[in-house]
Amino acid sequence: MEKLKMHSPDLNQENIAKIRALFPGCVTEARDKATGQLRLAVDFEQLKQELSEHVVEGAQERYRLDWPGKREALALANAPIAKTLRPLRDESVNYDKTRNIFIEGDNLEALKLLQEIYLGKIKLIYLDPPYNTGKDFIYDDNFAQTSERYLEASLQRDEEGARLVANTEANGRFHSDWLSMIYPRLKLARNLLRSDGVVLISIDDNEADNLRKVCDEVFGEENFVSQVVWQRSKKGDSKLIAKVHEYILCYVRDKDSVLASGLWRRPKEGADQVLTKYAELRASFGSNHEAIRAEMQAWYKQLPKDDPCKAHKHYTWSDDRGLYFADNFAGPDDGRASRPRHDILHPVTRKPCKKPSTGWRWDEEKTKWALSQTPPRIHFGPDESTIPTRKSYLFEIDSEPYSSVFYRDGRSATLEVEELVGKGWFPFPKNTDVLTELIELVTKPDDIILDFFAGSGSTAHAVMKVNVAHGSKRRFVLVQVPETTGRAEYSTIAEITKKRLREAGKRIAENAGAADIDIGFRTLKIDSSNMRNVYYRPDDLNQSDLLSMVDNVKDGRTSEDLLFQVLVDWGVDLTLSIRREFVQGKTVFYVDENALVACFDRGVTEELVKELAKREPLRVVFRDNGFVSDAVKINVEQIFRQLSPTTEVKAI
């Protein structure tokens, strides 16, 4: 039964909707000063122009993307936070040895905490952000609102949860909210990229155009590479046009640096198998290239029609350099009479060979170079009556640029996740085969890949796949907000992510055999600072308060918590090895052996300080109130100055 409306109609919004029907370009979004809510608003300057025959004088025109909340979003990106990262050893895999990181928490906070640690170190950022399809935003930055909060604030839902007006998605899911969510995150992410770093962002039609404008502003329009179209299915349901695709938007930090680091190429499908077969024949027949050609032709013939190797069936000739195709040597038919028409002598008859009607592709100098090579790079027929061709070697062209349009069925990705975490948790995960190809395309064996919209963990899974396939040491950094699921098996999305990574790692390890593949991850949780932040007026303090304030560390925080706060504050790699040792009865941490030494126990003596100084660490840190006496605390810097003058000494 439909409930009665308990409020008067919003005539303002109804009238604006009528204007939008007549003049769509004159209606925009604006934030209500009284309520702070986004509402439809009329751009009166634009409306005046629509209704005028002449140019209407108004505000200065400029080309830019703007929206309500943009300045607040930028301020949010720059605002400091009093947060830290706390290690969760029991929720990690191979905690002590892994170089991979999984961070549980809001990604905006994570990006701020990672600024010093990964500044200019990330090669690839892959993102699969919320698509703004009308579902909840989980990232609440005072701009993004959940559907529930928006509906209640805008009188679209009563306290019992019943909807009061129709068309919620059209009225409530503003572009401005989404832009205010993504903008500060991309601003911070750019700082982490290397000069040759790459950003790949999956998106659909809802925000594709806005995302590209935001990326133009953040990364620079000149660093745009491509808007790749990914067809995920062959058919779809729609009353108008079936949408069976989404996009992968590609930007780089600096295009010149990317080009200088090497061209992006992917292996041609089937080429590796063809070259493997050819290598087998060379091992059997040596330089008997006629026998090799006969065997290659026979091998191609017996392959199934849909075998990708069939695409290379014209590669049957070979010489001591390799397998090749006798490719066209003629110049293009562009009507140019000045095309090279020099003589090329047949190597057996020593007579000039027949020339193509359009002349040669190469000039005489390059032709001489090709003939001087051993073996020559020009293929001849039995005598001069046959036009020579150029040798196109498969091993030299066994790769190709990545296409801006490709098809890959999205259903296989869902099945892959279901096998690892169960059914019904992630209906639309990203295909790890596609991510694997992209990682192989733009990264090298020791690069770091960041994904701060981790979801089910597809990016990390793909990194592990690439490492086992190539024996590489690529590393991943994932961030996932602990969004509640409301279900018992996995209480948060982050729990699902960790489950998938554990199960995927096990399977990869089984297939890798004895290969040294990093399938672990060090789990860290975003939390408030470990240090107390309470201030009192002098007359509010009693003796017990003074005693409690002697310790500036919050209750329940461990020495390892303090260690990671130091790592974050100093910008030290969070995946460096951490060794714990007892020295004179105190716990001492050695990060990357001697790079950082830390002791947060109380009762630190001068003897302990001297022993640590003799090891000459690069950095050392103690608890501010951890010394056995004020005299020891005062002497610490002097001791290190004498025994290890280059050591940086700190206390927290």
Side-chain angles (χ1 to χ4, degrees), residues 83-90 92 94-101 103 113-119 121 475 477 520 522-525 527 529-532 550-554 556-652:
K83 295 292 183 75
T84 189
L85 294 171
R86 299 180 65 189
L88 302 177
R89 182 178 288 270
D90 293 341
S92 306
N94 295 341
Y95 178 91
D96 291 318
K97 295 182 178 180
T98 184
R99 302 300 307 278
N100 301 315
I101 291 289
I103 298 174
L113 293 172
L114 298 178
Q115 287 296 296
E116 292 296 327
I117 301 164
Y118 291 109
L119 183 68
K121 295 180 180 178
R475 300 156 54 189
V477 178
R522 185 174 284 180
T523 300
L524 307 172
K525 179 182 180 181
D527 207 334
S529 172
N530 295 307
M531 317 312 293
R532 296 183 188 274
V550 170
D551 191 357
N552 61 345
V553 177
K554 291 178 180 176
R557 301 301 171 96
T558 67
S559 293
E560 202 161 11
D561 290 335
L562 297 179
L563 175 63
F564 269 84
Q565 179 145 348
V566 170
L567 297 181
V568 170
D569 291 346
W570 261 341
V572 178
D573 190 339
L574 299 174
T575 65
L576 292 177
S577 63
I578 299 173
R579 182 170 58 85
R580 190 187 305 229
E581 183 179 313
F582 288 99
V583 182
Q584 296 187 14
K586 305 300 180 184
T587 301
V588 178
F589 294 99
Y590 295 88
V591 179
D592 197 23
E593 291 307 321
N594 228 27
L596 170 65
V597 174
C599 179
F600 302 111
D601 286 358
R602 294 187 180 88
V604 172
T605 64
E606 188 167 311
E607 288 71 25
L608 174 59
V609 173
K610 288 180 178 179
E611 184 168 345
L612 296 181
K614 289 176 182 177
R615 304 192 185 192
E616 299 182 350
L618 294 177
R619 292 170 170 174
V620 66
V621 61
F622 299 96
R623 194 171 185 146
D624 188 54
N625 64 341
F627 300 98
V628 72
S629 67
D630 288 341
V632 174
K633 179 178 178 180
I634 293 170
N635 290 335
V636 168
E637 289 194 20
Q638 184 63 31
I639 293 171
F640 272 93
R641 193 174 296 118
Q642 292 175 351
L643 300 178
S644 181
T646 59
T647 299
E648 184 177 359
V649 183
K650 294 286 187 180
I652 65 168

- Message: If you compare all heavy atoms of Leu618 against all heavy atoms of Ala595, which two are closest, and at what distance to 0.1 Å?
- Response: CB-O, 3.4 Å

- List the atom of Val566, the atom of Phe600, and the distance in Å for their closest heavy-atom pair. CG2-CZ, 4.0 Å

- Item | Nearest heavy atoms of Gln584 and Thr605, plus distance in Å | OE1-OG1, 3.7 Å

- Query: Would you call Asp569-Lys650 a salt bridge at under 4.0 Å N-O?
  - Reply: no

- Item | Counterpart residues, ring pair (Phe, Tyr, Trp, His ring centres under 6.0 Å), relative to Phe627 (two or more places apart) | Phe622

- Does the side-chain contact (heavy atoms from CB on, under 4.5 Å) test come out yes or no for Val604 and Cys599, once each step is laid out? CA-CA 8 Å; Val604 172; Cys599 179; 4.0 Å; yes

- In this structure, are over 12 heavy atoms from other groups packed under 6.0 Å from Lys586 atom NZ? yes

- Output the distance between atom CE (Met531) and atom CD1 (Ile652), rounded to the nearest 0.5 Å. 5.0 Å

- Message: For a quick test of reading the model, state the closest non-hydrogen atom pair linking Ala613 to Phe640 and the distance between them.
- Response: CA-CE2, 3.4 Å

- Cation-aromatic face contact Arg522/Tyr95, 6.0 Å, 45 degrees: yes

- Message: Would the distance check show the side chain of Asn100 and the main-chain N or O of Gly520 forming a donor-acceptor pair, the cut-off being under 3.5 Å?
- Response: yes

- Stepwise, does the side-chain contact (heavy atoms from CB on, under 4.5 Å) test hold for Leu563 with Leu596? CA-CA 10 Å; Leu563 175 63; Leu596 170 65; 4.2 Å; yes

- Lys614 side chain to Lys610 backbone, donor-acceptor under 3.5 Å: no

- Item | Salt bridge present between Glu581 and Arg615 (N-O < 4.0 angstrom) | yes

- Message: Could you work out, with side chain to side chain donor-acceptor pair (under 3.5 Å) as the rule, every residue matching Asp573, not counting sequence neighbours?
- Response: Arg99, Arg475, Thr575

- Query: Between the main-chain N or O of Val628 and the side-chain N or O of Lys633, is there a donor-acceptor pair closer than 3.5 Å?
  - Reply: no

- Atom pair OG1 (Thr558) and CZ (Arg89), whose distance is rounded to the nearest 0.5 Å: 10.0 Å

- Message: Donor-acceptor pair, distance only, cut-off 3.5 Å: does the side chain of Thr647 make one with the backbone of Pro617?
- Response: yes

- Message: Closer than 3.5 angstrom, by distance alone: can the side chain of Asn594 be matched with the main-chain N or O of Glu616 as a donor-acceptor pair?
- Response: yes

- So, Asp561 and Lys554, do they make that salt bridge, N to O below 4.0 Å? no

- Task: Answer yes or no: are there more than 12 heavy-atom neighbours, outside Glu611 itself, under 6.0 Å from its atom CD?
- Result: yes

- Message: Is there a side-chain contact between Leu524 and Leu88 in this structure, where contact means two heavy atoms from C-beta onward sitting under 4.5 Å apart?
- Response: no

- Query: Can you name the nearest heavy-atom pair linking Val632 to Glu606, along with the distance?
  - Reply: CG1-N, 3.9 Å

- Measure the shortest side-chain to side-chain distance between Val572 and Ile117 over non-hydrogen atoms and say whether it is less than 4.5 angstrom. no

- How far apart are the C-alpha atoms of Leu114 and Ile103, what are their side-chain angles, what is the distance that settles it, and do they pass the side-chain contact (heavy atoms from CB on, under 4.5 Å) test? CA-CA 10 Å; Leu114 298 178; Ile103 298 174; 3.9 Å; yes

- Step by step, work out the side-chain contact (heavy atoms from CB on, under 4.5 Å) result for Arg619 and Val591. CA-CA 10 Å; Arg619 292 170 170 174; Val591 179; over 6 Å; no

- Interatomic distance, CG@Leu113 vs OH@Tyr118, rounded to 0.5 Å, equals 12.0 Å

- Message: For Val568, is there any backbone N or O sitting under 3.5 Å from a side-chain donor or acceptor partner on Glu116?
- Response: no

- Contact check, side chains of Ile578 and Phe564, non-hydrogen atoms, under 4.5 Å: yes

- Between Asp601 (side chain) and Thr587 (backbone), is there a donor-acceptor pair under 3.5 Å? yes

- Item | Arg579 to Tyr590, cation-pi by 6.0 Å centre distance and 45° axis angle | yes

- CD1 on Ile639 to CD on Glu607, rounded to 0.5 Å: 8.5 Å

- Drop me the distance from Asp527's CG to Gln565's CD, to the nearest 0.5 angstrom. 10.0 Å

- Message: Under 4.0 Å between a side-chain nitrogen and a carboxylate oxygen: does that hold for Arg580 and Glu560?
- Response: yes

- Message: Determine whether a donor-acceptor pair (N or O, by modelled atom type, separation under 3.5 Å) exists between the side chain of Ser92 and the backbone of Thr523.
- Response: yes

